[in-house]
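Single-structure report; data block below.
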2 protein chains.
Amino acid sequence: MTALEARIASGELANNKPLPPERDLMEEFGTSRTVVREAISALANRGLIELRPRFRPVVRRPDYGTLLNATGTIVRYLLNEPGGVQNLYQSRVFIERGLVRDAALNATKENISDLKAALLANEKALDNSEEFFRTDIAFHGVLYRIGSNPIFPAMHEGFTAWLSPNWARMTRSDDHNRSVYLDHKAIYDAILERDPARAEDALVAHLSAAWKYVEETF
Amino acid sequence: MTALEARIASGELANNKPLPPERDLMEEFGTSRTVVREAISALANRGLIELRPRFRPVVRRPDYGTLLNATGTIVRYLLNEPGGVQNLYQSRVFIERGLVRDAALNATKENISDLKAALLANEKALDNSEEFFRTDIAFHGVLYRIGSNPIFPAMHEGFTAWLSPNWARMTRSDDHNRSVYLDHKAIYDAILERDPARAEDALVAHLSAAWKYVEETF
DNA sequence: AATTCGACTTGGTCGAACCAAAACGAATTA
DNA sequence: TAATTCGTTTTGGTTCGACCAAGTCGAATT
């Protein structure tokens with residue numbers, strides 16, 4: 001029933017609070033436990049309810065993260081279609097091209113210092129492939145956070161969650177890490193000098209190289 | 001159970017074909033009908049199955065459209081949060097800025113003729129507000145189709161589906177339509193002349209005006 | 001050959017029951 | 001008094017059997 005959803009949407013059931021017991025709900029709505037359970041599982045699948053086995057369902061006000069969870073399974077299917085990964089990667093490049101342009105034009109001092117910190121973390125982790133992988137992602141993450149629009153960090157999470165499986169299995173040599181670091185540095189420098197065109201070029205070069213690298217290594 | 005999902009994912013159940021009856025499935029998996037139903041409804045909520053009341057469930061290979069459906073309900077919640085609409089609109093502006101830049105740089109002759117056709121449709125519908133609204137959306141849609149990446153048209157559908165409710169209720173005078181048309185023409189002209197900066201400026205001006213217009217009319 | 005009608009199939013709902021784990025409270029202990 | 005322990009109750013997870021109404025399909029009729 002959508003009646004249950006309405007009660008959650010209306011905030012009648014507070015956020016992060018457990019749902020009433022199924023047996024109460026069935027009495028309240030004058031329906032059987034079967035339908036109550038189905039309604040609950042439906043809402044759970046939509047992300048409005050968090051459902052830990054054996055625990056009381058918890059009302060969750062959906063955020064952009066829950067949106068990712070909900071889409072995740074479908075996206076995985078789409079990635080298996082021919083060209084799926086490439087399409088998603090293209091979208092990522094498109095987004096980040098815009099991000100670095102904007103960064104070059106509008107980044108605040110604080111944004112730039114964040115970026116610099118991320119770059120430094122890259123450098124520090126040059127000899128630790130696993131750590132470098134994380135700082136690599138974090139560097140790009142800074143770009144998504146510049147605009148203060150919560151949708152973008154969510155997109156970043158999506159890209160990393162859905163694309164990194166294709167990256168993870170490839171061996172990351174120290175040489176490779178070094179070239180990634182230099183790419184990042186080039187992007188940073190261009191942003192620092194307020195040169196959107198160069199920033200965009202550096203980013204495209206960076207991501208194209210990464211794509212080629214993955215293509216070769218399968 | 002995730003076992004059912006595996007059978008669908010593996011293509012064992014063909015696309016667009018009805019699912020086996022619940023009673024068969026419960027026998028096949030050695031479980032009760034309740035569990036089967038829950039599994040089915042779970043898959044339905046994920047978009048892998050289309051579920052018409054009283055009809056046999058139909059296996060649906062998910063596409064970018066089903067992804068929108070799945071996210072739709074959650075997005076609506078997010079839009080109700082303070083700043084939700086603005087964040088989404090900002091994202092749209094960000095995307096389209098990139099799109100018009102790319103269009104100015106890379107649009108093929110065919111792309112441009114599509115755009116011209118859409119623009120002409122705008123002009124023809126100037127005195128028909130309802131029709132103009134549709135051609136307005138269609139014009140922007142052309143931009144999303146230029147890159148031949150199926151993700152972008154899906155994004156366009158998302159933007160229009162989620163944002164247009166805020167637009168629909170406002171009255172669209174002929175004057176307003178005319179100014180929208182002129183904006184579109186300015187964007188088109190800039191693309192035609194391969195001037196990405198001007199195209200981007202024209203688009204930003206266009207969408208900013210639209211936003212202001214909505215803000216004023218509530 | 002097309003239509004009609006009736007029996008069978010099948011999804012939707014219900015109720016009762018059982019199990020295991022969580023939640024709760026009382027009794028015990030330090 | 002405060003913390004721990006332990007047994008009872010609550011509650012989600014699952015199963016079974018049953019019924020209804022709408023869809024499906026085939027046989028009989030026109």
Side-chain angles (χ1 to χ4, degrees), chain A residues 1-62 65-66 69-70 72-74 77, chain B residues 1-62 65-66 69-70 72-74 77:
Chain A
M1 285 291 184
T2 58
L4 225 184
E5 180 178 355
R7 290 197 40 187
I8 294 186
S10 73
E12 185 176 336
L13 288 322
N15 189 19
N16 281 20
K17 283 301 164 193
L19 219 60
E22 296 178 353
R23 288 170 174 85
D24 288 7
L25 289 176
M26 70 180 259
E27 186 180 349
E28 180 172 345
F29 287 104
T31 162
S32 75
R33 198 145 86 94
T34 311
V35 269
V36 171
R37 298 201 97 252
E38 263 187 34
I40 288 178
S41 89
L43 295 187
N45 284 319
R46 287 199 220 162
L48 277 67
I49 285 179
E50 191 166 314
L51 209 52
R52 264 182 20 231
R54 290 283 163 195
F55 280 74
R56 295 275 287 278
V58 175
V59 178
R60 301 280 289 173
R61 171 134 28 5
T66 62
N69 276 349
T73 56
I74 302 182
Y77 281 91
Chain B
M1 287 293 181
T2 59
L4 224 185
E5 180 178 355
R7 291 198 39 186
I8 294 186
S10 72
E12 186 177 336
L13 287 322
N15 189 18
N16 282 22
K17 284 301 165 193
L19 220 59
E22 297 179 352
R23 288 169 174 83
D24 288 7
L25 289 176
M26 69 181 260
E27 185 180 348
E28 181 172 344
F29 287 104
T31 159
S32 75
R33 196 155 149 244
T34 310
V35 186
V36 172
R37 299 200 97 251
E38 268 191 26
I40 288 179
S41 89
L43 295 187
N45 285 320
R46 288 200 220 161
L48 277 66
I49 285 178
E50 191 166 312
L51 208 53
R52 261 174 33 222
R54 291 281 165 197
F55 280 74
R56 296 275 287 277
V58 175
V59 177
R60 301 277 291 173
R61 169 121 45 0
T66 63
N69 277 348
T73 56
I74 302 183
Y77 281 90

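Below, chain A is the first sequence line, B the second, and so on; all start at residue 1.
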Between P of dT13(C) and CD of E38(B), the distance in whole Å: 13 Å
Nucleotide dT15(D), atom P - distance to CD of E22(B) in whole Å: 14 Å
Polar side-chain contact R33(B)-dG11(C) base: donor and acceptor under 3.5 Å: yes
N/O donor-acceptor pair, side chain R23(A) with base dG12(D), under 3.5 angstrom: yes
Interatomic distance where CZ belongs to R37(B) and P belongs to dT14(D) [whole Å]: 15 Å
Ignoring hydrogens and angles, write down the donor-acceptor pairs under 3.5 Å from the side chains of residues 20-27 of chain B, residues two or more places apart or on other chains.
unit_1 : atom_1 : unit_2 : atom_2 : d
E22(B) : OE1    : R33(B) : NE     : 3.0
E22(B) : OE1    : R33(B) : NH2    : 3.4
E22(B) : OE1    : R37(B) : NE     : 3.3
E22(B) : OE2    : R37(B) : NE     : 3.3

Closest listed nucleotide, where the reference is the side chain of T31(A) and the choices are dG13(D), dT11(D), dC14(C): dC14(C)
Gap between atoms CD1 and C1', on I40(B) and dG12(C) respectively (whole Å): 12 Å
Whole-Å gap separating C1' (dG12(D)) and CG (L43(A)): 16 Å
Side chain R54(B) and base dG23(D) donor-acceptor under 3.5 Å: no
Atom-pair distance (CD on E50(B); C1' on dG11(C)), nearest Å: 16 Å
Interatomic distance where CZ belongs to R52(B) and P belongs to dG23(D) [whole Å]: 9 Å
Shortest side-chain distance from F55(A), nucleotide among dG12(D), dA22(C), dT15(D): dA22(C)
Sugar-phosphate only, base, or nothing, as touched by R56(A) at under 4.0 Å among non-hydrogen atoms: sugar-phosphate
First encountered from the 5' end of DNA chain C, between T34(B) and D24(B): D24(B)
